[in-house]
S.K.: 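Dropping the structure in here first, questions after.
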2 protein chains.
Amino acid sequence: MAESFTERFQQLCREKNLAVTHQRLVIYREVMQMHNHPSPEQVYDRVKPELPSISLATVYKTLHTFVETGLIREVSPHHGSMRIEPNEHRHPHFLCLQCRAITDLSDHELDFAALKASVPAGFQVEHVSTEVRGICGNCLAKNAAQAPN
Amino acid sequence: MAESFTERFQQLCREKNLAVTHQRLVIYREVMQMHNHPSPEQVYDRVKPELPSISLATVYKTLHTFVETGLIREVSPHHGSMRIEPNEHRHPHFLCLQCRAITDLSDHELDFAALKASVPAGFQVEHVSTEVRGICGNCLAKNAAQAPN
DNA sequence: TGCTAAACGATAATTATTATCGTACTCTCA
DNA sequence: TGAGAGTACGATAATAATTATCGTTTAGCA
């Protein structure tokens with residue numbers, strides 16, 4: 001028989017070593033139903049009716065926990081501080097999720113035509129950017145030094 | 001003969017209808033020499049020796065002016081707030097520079113192999129994302145309604 | 001050179017996020 | 001099933017990033 005959403009969430013949490021709390025369940029359920037890239041504030045507003053006593057801080061902490069364990073993803077890992085691109089010509093970036101450093105990647109040819117074709121009619125395209133996220137060499141080395149196995 | 005950097009900057013400002021001020025000249029010159037995606041704070045530190053009385057607010061205002069007129073670009077225009085991606089499968093985003101709305105684009109095939117090949121050795125790739133920036137249909141319509149010509 | 005509008009600098013205010021700390025809940029094991 | 005340990009929660013203070021305000025200064029132009 002089909003397992004319930006709750007059972008699936010409990011299973012997920014067990015895999016990730018997370019305590020199953022009512023707040024986490026509700027936040028996860030609601031986020032999965034919001035198909036428009038919500039901010040923490042918007043998630044808070046959404047769960048508030050069901051969890052009237054929840055704190056915004058809990059929403060932040062829970063979202064971070066989910067991102068860290070991979071239950072959800074962040075659309076933009078570099079908010080928080082504006083970053084300037086002095087370089088004129090088009091090139092992709094590598095963004096380190098640990099130290100936030102941005103590294104220019106050498107130019108390459110993506111299929112921009114196909115990409116632009118996927119933009120809804122009536123939208124005005126201004127710039128296309130590609131980004132690779134991960135952990136940079138520096139951080140990997142640092143991590144290895146700290147936790148040798 | 002070759003025109004000086006100052007002359008070129010004055011020319012640029014004239015094209016964009018910007019007053020040529022000493023602060024703007026210095027900020028522009030320094031930003032163009034920083035090849036590592038600086039934050040406003042870092043730009044401030046960099047120009048401070050030459051402009052001891054400059055205010056951090058001026059750096060912010062100047063950078064915004066430059067971004068608006070297209071003299072420089074912002075690496076990440078995601079508005080100061082974390083955004084969640086509930087969607088599991090890979091797809092590109094359209095980001096409206098005016099209202100900051102994020103729209104999912106339908107999936108398409110980019111040359112991810114070539115892109116990954118451009119990542120420096122020793123970096124760990126976690127996720128590749130593509131983003132198209134521009135003005136969404138809503139905002140375009142709104143703008144047209146406000147300023148019909 | 002003198003006027004007008006825009007830019008600057010100082011600083012207060014706002015917004016987004018994180019830290020702290022006492023209380024409450026989950027999980028495990030007897 | 002109940003007690004204890006440890007994690008999570010809620011309230012709120014603190015911090016970081018950014019923006020607004022306002023009086024003074026400067027650039028652009030007649």
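Chain letters run A, B, ... following the sequence lines, proteins first and then strands; every chain starts at 1.
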S.K.: Taking A:Tyr44 as the fixed residue, which of A:Glu41, A:Gln42, A:Lys48 is the one that meets the side-chain hydrogen bond (donor to acceptor under 3.5 Å, both in side chains) rule?
M.R.: A:Lys48
S.K.: Could you give the CZ-to-P distance, from B:Arg14 to D:dA27, as a whole number of Å?
M.R.: 14 Å
S.K.: Should the ring pair B:His91 and B:His93 be called parallel, tilted or perpendicular, given that the plane angle runs from 0 to 90° and is split at 30 and 60?
M.R.: perpendicular
S.K.: For DNA chain C, whose closest nucleotide is more 5', that of A:Ala57 or that of B:Leu56?
M.R.: B:Leu56
S.K.: In whole Å, I'd like the distance from the NZ atom of B:Lys48 to the P atom of C:dG9.
M.R.: 9 Å
S.K.: Given that B:Pro40 and A:His22 both sit by DNA chain D, which one's nearest nucleotide is further toward the 5' end?
M.R.: A:His22
S.K.: Round to a whole Å and report the spacing from NZ of B:Lys61 to C1' of D:dA20.
M.R.: 9 Å
S.K.: Return the 5'-most residue of the pair B:Ser55, A:Glu41 with respect to DNA chain C, ranking by each residue's nearest nucleotide.
M.R.: B:Ser55
S.K.: Please classify the nucleic acid contact of A:Thr58 as base, sugar-phosphate, or nothing, using heavy-atom distances under 4.0 Å.
M.R.: base
S.K.: Apply salt bridge (charged side-chain N to carboxylate O under 4.0 Å, His left out) to the pair B:Glu131 and B:Arg133, showing each step before the final yes or no.
M.R.: CA-CA 6 Å; B:Glu131 188 180 84; B:Arg133 303 179 200 170; 3.2 Å; yes
S.K.: Report yes if some heavy atom in the side chain of B:Leu12 is under 4.5 Å from a heavy atom in the side chain of B:Leu18; otherwise report no.
M.R.: no
S.K.: What nucleotide among D:dA27, C:dC8, C:dC27 has an atom nearest to a side-chain atom of A:Ala19?
M.R.: C:dC27
S.K.: What's the CZ-P distance between B:Arg24 and D:dT26, to the nearest Å?
M.R.: 15 Å
S.K.: Look at the side chain of A:Thr21 and decide which nucleotide, out of C:dA7, C:dA16, D:dC9, has an atom nearest to it.
M.R.: D:dC9
S.K.: For A:Met82 and C:dA16, give me the distance from atom CE to atom P, rounded to whole Å.
M.R.: 17 Å
S.K.: When you measure from the side chain of A:Ile54, which nucleotide among D:dG10, C:dC8, C:dT11 comes out closest?
M.R.: D:dG10
S.K.: Does a salt bridge link A:Glu30 with A:Arg46, judged by any charged N lying under 4.0 Å from a carboxylate O?
M.R.: yes
S.K.: Could you state the CG-C1' distance from B:Leu25 to C:dA7, rounded to the nearest angstrom?
M.R.: 15 Å
S.K.: Expressed in angstrom and rounded to an integer, what is the separation of B:Leu51 atom CG from C:dG9 atom P?
M.R.: 8 Å
S.K.: Would you say a side-chain N or O of B:Gln23 is under 4.0 Å from OP1 or OP2 of D:dT26?
M.R.: no
S.K.: Please report the distance, rounded to the nearest Å, between CD in B:Glu68 and C1' in D:dT19.
M.R.: 13 Å
S.K.: Strictly below 4.0 Å: does B:Tyr60 bring a side-chain N or O up to OP1 or OP2 of D:dT19?
M.R.: no
S.K.: Kindly say if B:His64 contacts the phosphate of D:dT18, meaning a side-chain N or O under 4.0 Å from OP1 or OP2.
M.R.: no
